[in-house]
Every structure is written in C-alpha cells, then in structure tokens.
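Beneath this line is the structure, given in structure tokens, with notes to follow.
Bear in mind the structure is a predicted one, so any value in this text is a computation, not a measurement. In what follows, residues are counted from 1 in the order of the sequence shown.
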Amino acid sequence: SIDGKIGYRIFLEPLDSTDPKKQFYNLSKLGDPRYDRLPFSIRVLLESAVRNCDGFLVKCSDVESILNWKQTQTQTVEVPFRPARVILQDFTGVPAVVDFAAMRDAVMKLGGDPEKINPVCPADLVIDHSIQVDFNRKSDSLQKNQDLEFDRNKERFQFLKWGSKAFRNMRIIPPGSGIVHQVNLEYLARVVFNYDGYFYPDSLVGTDSHTTMIDGLGVLGWGVGGIEAEAVMLGQPISMVLPEVVGYKLSGTPDKFITSTDIVLTVTKHLRQVGVVGKFVEFFGPGVAQLSIADRATIANMCPEYGATAAFFPVDNVSIQYLKQTGGCHAQLAYITKYLKAVAMFRDYNDVSQDPDYTRVVELDLSTVVPCCSGPKRPQDRIAVSDMKTDFETCLGAKVGFKGFQVALERHSTGVPFQFDGKEYTLSHGSVVIAAITSCTNTSNPSVMLGAGLLAKKAIECGLSVKPYIKTSLSPGSGVVTTYLKESGVMDYLYQLGFEVVGYGCMTCIGNSGPLPEPVVNAITQGDLVAAGVLSGNRNFEGRVHPNTRANYLASPPLVIAYAIAGTVRIDFEKEPVAINSEGKEIFLRDIWPTREEIQAVERTFVIPSMFKEVYEKIEKVNERWNSLVAPSDKLYTWDPKSTYIKSPPFFDGLLKPPKSIHDAYVLLNFGDSVTTDHISPAGNIARNSSAARYLTNRGLSPRDYNSYGSRRGNDDVMARGTFANIRLFNKFLNKQAPQTIHLPTGETLDVFDAAERYQQSGVPLLVLAGKEYGSGSSRDWAAKGPFLLGIKAVVAESYERIHRSNLVGMGVIPLEYLEGDTADSLGLTGRERYTIIIPEQLTPRMILDTGKTFQVRMRFDTDVELAYFRHGGILNYMIRKMSEN
C-alpha cells in the first residue's frame, strides 16, 4: 500500500553508491511482472507518474492505470504526464511569451504577484521560423536573407529577448543557429536528466508537431498546442488518454540505393493505411539496429504525417554512439547507460526476449522499399519514382481532389514560352520551379545531405546544370551540416548547381519560400499551369509551399537535385535521361546516384565530434546582431499601442464569465474532409487583397512591409484576419476554392473575417461544420485562437486530429462529433440552418448532446481536466484563477 502524499519515495535509491545524494526511482522495486511487458514508451509515462505522485495532481491510481496498460489502453483512461521540459520555436513561441506577459498583467489586476508567472520546467525557444528565401543563387544570399530577417522582425526579436530576461527558466537560441528539432537532437537533448539530485528520463512537449523527431534518439516527446505547452511551463501535468501502442517491426536490409527519406515516406503511407491517430508507435525488430540515429529521427520526424502521437525508438548502443559523436562526455554517457539499464529502458533490438506487449504489431521489410516521393498535395500519398511521370499525368486530368487538378485533356501539352536573363525557356504542366533542400526531416541526416552533395559532384563532372529560373535553395538544419559539406568537398558542387546556403531555418518547408521570378509567375498564370515544387520537407498541403506551385512533392535531397536538373516531374528516371549534356550525351540518374557505401565512407571520415562541439559551444553568442539588440528589462511588458507585431491579446477579457449555451448560431463555414490547420491558421505571406493587408495598410504599412503571418503571431488583430484566409480553402457554401464565405442573413460573399465581423456586430454566435480529420497537419495554436476570435463557439465534425481538438478545448471552443454513421450529408444538413446547443450544468467526458435539431452529437471533452478548462473559459484562464487563488 502506497501513501498518496508520500508517493513512491520508498523506491528511491542512489544510482552510484559512491554518490548517495544523486538518486533515482528504481521501478524494478515495484515487484510487478507487468512492468517488463510494458512498451518502452509507456515505461517513460510510468516513471513520470511514480516520481511526481503527490496524491493530488498525480495519484497512486494513475500509477496503477499505467502499470495496468494492457487492460486500460482500450478503456479511455485519463492519466497525467509531467514532461521534463518544453521546446518552442519562434512562430509559436512569440504568442506563448505574449500570453505569459498578458497573464502577468491579468494576475496583477486580480491582486496577485505577477512574478509568479514563470516557466516551472526548463523551456528552450529556438528562433528558426522567421527567415525567408528572398535571395538565392548568389554567394551573399545567406547574409542578405539574415539581414532582411532582422529588419523585418526586430520588434519580435526585441520582445523575445525581453522574455529571456524577464522570465526565469527560459533560454532563447538566437536566429541563424538552425532548425529547432535538429538543434534539439544535436544539442538540447539530455536523454537522461541529472537534475536537482535525481536521475530520470528526458521527455518533452513542444509547440511544433514535429517535436516527435526527438523520439528517434529515445527521448519521448510530441507536439502540443501553444496553450497546452504554456500550462506545462506553469507546472501543470498534461492530461492525456492512455494511448494504444502499435509495435512497428522492421526487418530486412534496404537496397544500397535507398535513402532514409524513401523509408519514411513508405512508413508514412503504410501507417496512414493502418490507422494510428491518437496512438503511440514504437519501433522494434532487427531492422532498427541497422538504422542510424539520423535515420530513426527522420522516421520519427514525420510522425504527424502518419497521424500518431509519438514514434518512439528506445535507447540502444547506437543512441549512445550518437551522443558520443555529437560531443557527449564520458561521464554523461556512463550515467545515461547505467540509469536506463537499471530501469529496464535500454534496448537490444536483436534480443527478442526484450520485445514487450503491443496493442498490435505491423511489419515492414526494409528490402521492399523503393525510391519514392509523396504528393502532389499530401505527405501520405507515396509514389514510386518509377511511377512519377504517369502518376502526375493521371493527376493532371483527374477530378479536383488530393490526387487531381481537373485539367482538360487538350491542355495537357500546353507550353508557355518566356524570357529569363536574355534567354527563352518554356514552362508546361509539371515544370519544376522550386527545388529546395530544406526541413529538419532531412537536413539533420548526414547520409542524405552527403548523398545530395555526391550526386551534385557527379552531375557537375558529367556536365549537367540546373536551369537558372528554377528557385533552388539549401537551408541546413544546423551549422554542423555546413561544416561537414564543406570539409568533405561537396559544397562547391552544390553551389555550382544553384544550391547555395540561403539561411538556417525551416524556410521553404513552412511556406517561407520567398517570391518566384516575375517572368515565371507570369508564365504560370498565363497558361494556368500546374507548376511543381520539389522539396526535402515533411508537408506539401495545398497553398503551403508557394501560391504558384499547385503540385508539390516531398523527396530526398538527392532527388530534389535530380528533379531540378531534369526541370520537370514528368520524367521516368529509369527510362529517360535526367538530362543531355553539352556533348550530346544522355546522362541517366543511375549514372550519378551515389551508393549507400560511398555515402557511409564519406560520413565516417567527415562527420566527427569536434564539429558538433565547435558549433554548439558558441551557439548562443555567435549572432552579433542578436547580441547587440537592446531589450527592456522590466518584469511587466510595456505594450506599444502602435505595434503591428506585438499586442496584448483579449483572451483574458472574459476572465470571470462562465461558459454559456449556444443559441441560434449561424454556420460560418461548411467543410468536407481533411481541412488542415494550414487551411485554418494564418500562414505564409499576407496576400495584398486580404483582410489582414487592409488592416496593415490602414496603419500606414506598404505591401513590402507586410511580412508573413508567422512573423505577426504576436498580434491578434492580424491573426484573426488571417484565419481561414488560405486561397485553397474549399467552402461548400461557394463550391470553389477561395478564402471567402456567404454571410447568410444577406447572401453576400465576403472574406471570412469580414463575414465573421458582421455576425459579431449583430451578437450572433457561429459554428463550423466539417467532415473527417478536421484540423490535421501542423500543431498550430492560432488554428484554435483564430476561430475563437472570429466568434466561433463550436465545431461539428466527423473526426478530429488530436492536437487541434485539444487546442480547441484550450480556447473554450466546443469540439462536437457526429455519432457513428452520421454525417452532415446523411442528416441532410446544408449549413444554412440555425443551431442551438444547450450546455448542461453537469458535464462528463464524451457525453452525448442533443443540439436542439433532430440529431445528436458527442461532446469531445475527453477528460475531466478538459472539462475544468472549459468551465473556466480555457486553459490560460484556469491557470490565472488558480495562481490568483494561491
């Protein structure tokens, strides 16, 4: 019997008898055979519950629920989880710091101590989302892009620097350092915490869905909304439904020409078909032992694309070697290994006796993986490279959808000539106009980056080149990448093909691709062409990469270069030459493709520990412009009413108002399936004809100063106007793609914000109707904050992506779900009805409501904690009230 208040302290013991002050919770002392059968990822949850058990936030019954996972996994059991740390990037980090600053103001108004508002657990914020590809193909592109980044974002950066001084336990990694997830993998990860006298597993949540990349190193982590991360930073455990765990067995050996990108795109399609939304995936089997940490991290990175919550690779000897390679000291490696073995969290993938129980097991034979891409509109739509040409041509004529553009057959051969730099070129459907080596998914992986460099070397030696109008770019995930590309001698060849380093950040992968040359845009527009972008990223949803690339394909870095040289995706590399050189010789892709053995030989020689040590020793000091940036030092932020970047949000204006039932609501938007957070959330450049542009123009800004939505996430006025402003938004009311809707009382077609503003002026509540997978895609807190500001009180959908549903709850927007078998179509709903939803005083998780119409829906508050957040008007209001009471 365990005392709830004392918890499990009787299981504390020293890891090393020579240092008795440093202890750990020895889970083997539980004496329970169920522990050794738990998935390794669930063991991390269990350790956190044991260590944090206080009888209040974490109870002994929670420990028993986790220990009894084999039975409770299917019973929708709620458990608390306290991650060891939080990681943020600047797009999501700025609004988090804005909220913290506003919470200090709110606590002050309620008579509390504002300085109590601080991160309780370590929080790292990496500035990586602000830089754009404004300049490329020039030796000074990097410097020019970084200068523009500072010019555009000086106010945001000053605010973040204020936050790093004002808030304790918050570290800011300056711009120009790398991509958040790669910096996390190479530098920030502890694997095992040695903190305050205790050893315990490193774990985290992050305000970016690709936080899961760290799972590849054996650190359990996943993406959450900014509002949920803020609660963790304030010391609240995450309330989560204990997940099912799908065991993903890897066997066989990949072909020598296969890349980790090919593997992850194959896994993504497979797991989408299996169905793993809301579940953990844990990798095991002898095939895992053959994968490097970089390969595992690539697979874990795309976890959101296959829909799982986490994609876990338990720590093994390969993990320890990686830590050694990236600069880990002997003492650190020793205690990491000793601790993980003591608590049975160290893995030998070739030892089947260590294989735990899983909810179900699926398997991939790595020898069956073939070179592939994904697209043209979704990351799960894998296509073998050998099928790319026929697949694109099929998509060209197919009905508009995820695999269709509905171009009339007689227009499939359309060509549009244009002049560029004094020469004539022709664009047609499938022409590549963007080729970007970008994103944490691949730039963290030396094998594919060196593979791209070796392919570039062979291409140059064969006399090949890339057409000058194609927007090529290379945005490494850290300075380490640049170092080993230079040291290995391949960087010069990448430069010769136009792949200069343009910045250290996400760039093209998140839509910061910058402008295309005007003649290229004119040709695309004139011919209404389906132009293509090829990128080594993880997302290719409509409208994300660039407004003028309707087809976007995810590919490995070597394939990005190959398609750039070919100039089109309408090519079969097995049968057609990638290009013909100046001597008239046909050069096939197989002539220039490096083997895995070639790549590994270069990697062994040039990717060495000293590189990581040199880059990361100076990471927080190397940016001179950041160092010279002057920021205020007050504990309360002084808001500038003229600022169009940073503004005190209105989220706490209704702090003392209880939630109300919804009466006579209009439907603002009527959607089908797979509406993503890219459709909902403000992202990319601000269109000149948008509501946000009109707002900024009215404040004296010219279009060149609009910047991107991401850079203005600290200003709710801009972000509300950018909500549902995606040009690819398909609203059933209009039956076409447009960022507009119908104002039902008048029948007028208006921009979504303008319609919502009219409804709000009339005091009318709003709903959204949607189909399956509403809110899929990146973790975006503004995909919930924006609808809240538009006056949307509830969403009625067939199903939700996990993070977005949680974010809606956090903002006090009710996620309602049709009962099984019901849809808007089956119920005869047009969206033109008015809806009344009575909120009972006594709410229970997942209770069924009568909406006041002729059908019922399930209220998707999944836990009692989520209900508590709703009753207080959202998670931040809940925290302010709690801290004020204390």
Side-chain angles (χ1 to χ4, degrees), residues 254-259 261-263 265-266 269 367-376 381-398 403-405 407 409-415 425-435 448 451-452 454-467 470 472 497 529-536 540 549 551-596 598-599:
D255 183 84
K256 65 180 180 179
F257 294 111
I258 294 302
T259 69
T261 315
D262 301 321
I263 296 172
L265 295 180
T266 302
K269 181 176 182 179
S367 66
T368 64
V369 176
V370 298
C372 55
C373 300
S374 279
D381 293 329
R382 185 189 69 88
I383 315 139
V385 169
S386 58
D387 296 331
M388 271 286 284
K389 182 177 182 178
T390 54
D391 187 85
F392 177 83
E393 290 174 348
T394 300
C395 290
L396 205 55
K403 297 286 287 186
F405 298 101
V407 175
L409 183 62
E410 62 271 17
R411 292 187 52 245
H412 284 201
S413 301
T414 298
Y425 300 92
T426 300
L427 285 185
S428 56
H429 295 296
S431 288
V432 174
V433 295
I434 289 177
V448 291
L454 290 172
L455 184 142
K457 179 177 184 291
K458 293 184 178 188
I460 292 295
E461 290 170 348
C462 287
L464 305 185
S465 61
V466 175
K467 294 180 178 65
I470 296 176
T472 49
L497 289 178
L529 299 177
V530 180
V534 184
L535 64 153
S536 63
N540 56 344
T549 57
N552 295 283
Y553 292 93
L554 306 181
S556 66
L559 276 177
V560 170
I561 296 177
Y563 281 109
I565 294 170
T568 180
V569 297
R570 296 174 81 171
I571 183 171
D572 182 344
F573 283 131
E574 293 187 2
K575 298 177 181 177
E576 301 172 67
V578 67
I580 299 173
N581 67 13
S582 57
E583 298 174 358
K585 182 180 178 182
E586 292 184 341
I587 307 297
F588 286 82
L589 184 57
R590 56 181 171 268
D591 300 327
I592 58 175
W593 193 270
T595 65
R596 183 177 284 259
E598 287 178 89
I599 295 167

Worked verdict on E576 versus K389 for side-chain contact (heavy atoms from CB on, under 4.5 Å): CA-CA 11 Å; E576 301 172 67; K389 182 177 182 178; 3.1 Å; yes

Atom CD of E583: over 12 foreign heavy atoms under 6.0 Å: no

Nearest-0.5 Å distance that lies between atom CD1 in I383 and atom SG in C395: 6.5 Å

Non-hydrogen side-chain atoms of I470 and V433 separated by less than 4.5 Å: no

Under 3.5 Å donor-acceptor, H429 side chain and R411 backbone: yes

Student check: side-chain heavy atoms of V369 and P254 closer than 4.5 Å: no

Side-chain (N540) to main-chain (N552) donor-acceptor, under 3.5 angstrom: yes

Spacing of CD1 belonging to I599 relative to NZ belonging to K256, to within rounding of 0.5 Å: 12.0 Å

Side-chain donor or acceptor of T261 paired with backbone N/O of A555 under 3.5 Å: no

Closest non-hydrogen atom pair, K467 against A566: NZ-O, 4.2 Å

Inter-residue atom distance S465.OG - I565.CD1, 0.5 Å rounding: 8.0 Å

Point-to-point distance, once rounded to the nearest 0.5 Å, from NE2 of H412 to CG of L396: 4.0 Å

Y553 versus P376, closest heavy-atom pair with distance: OH-CB, 3.5 Å

Test side-chain hydrogen bond (donor to acceptor under 3.5 Å, both in side chains) applied to T259 and D262, step by step: CA-CA 5 Å; T259 69; D262 301 321; 3.1 Å; yes

Y563 and F573 aromatic ring geometry - parallel, tilted or perpendicular at 30°/60° bounds: tilted

Worked verdict on I460 versus L497 for side-chain contact (heavy atoms from CB on, under 4.5 Å): CA-CA 8 Å; I460 292 295; L497 289 178; 3.6 Å; yes

Residues V578, F588; criterion side-chain contact (heavy atoms from CB on, under 4.5 Å); working and verdict: CA-CA 5 Å; V578 67; F588 286 82; over 6 Å; no

Smallest separation among heavy atoms of V432 and I434, with atom names: CG1-O, 3.5 Å

Under-4.0 Å salt bridge between E598 and K458: yes

Contact summary for T472 and V466, nearest pair of heavy atoms: CG2-CG1, 4.0 Å

Whether R590 side chain and E574 backbone form a donor-acceptor pair below 3.5 Å: yes

Side chain proximity check, T266 to I263, heavy atoms < 4.5 angstrom: no

Closest contact, heavy atoms only, F257 versus P594: CD2-O, 4.1 Å

Full working for side-chain contact (heavy atoms from CB on, under 4.5 Å) between I592 and C462: CA-CA 8 Å; I592 58 175; C462 287; 4.0 Å; yes

Distance, nearest 0.5 Å, that separates CG of L559 from CG of L455: 8.5 Å

C372 side, atom SG; I258 side, atom CD1 - distance, nearest 0.5 Å: 7.5 Å

Non-hydrogen atoms of A551 and V530 that approach each other most closely: CB-CG1, 3.9 Å

Pair K403 + D391: basic N to acidic O under 4.0 Å: yes

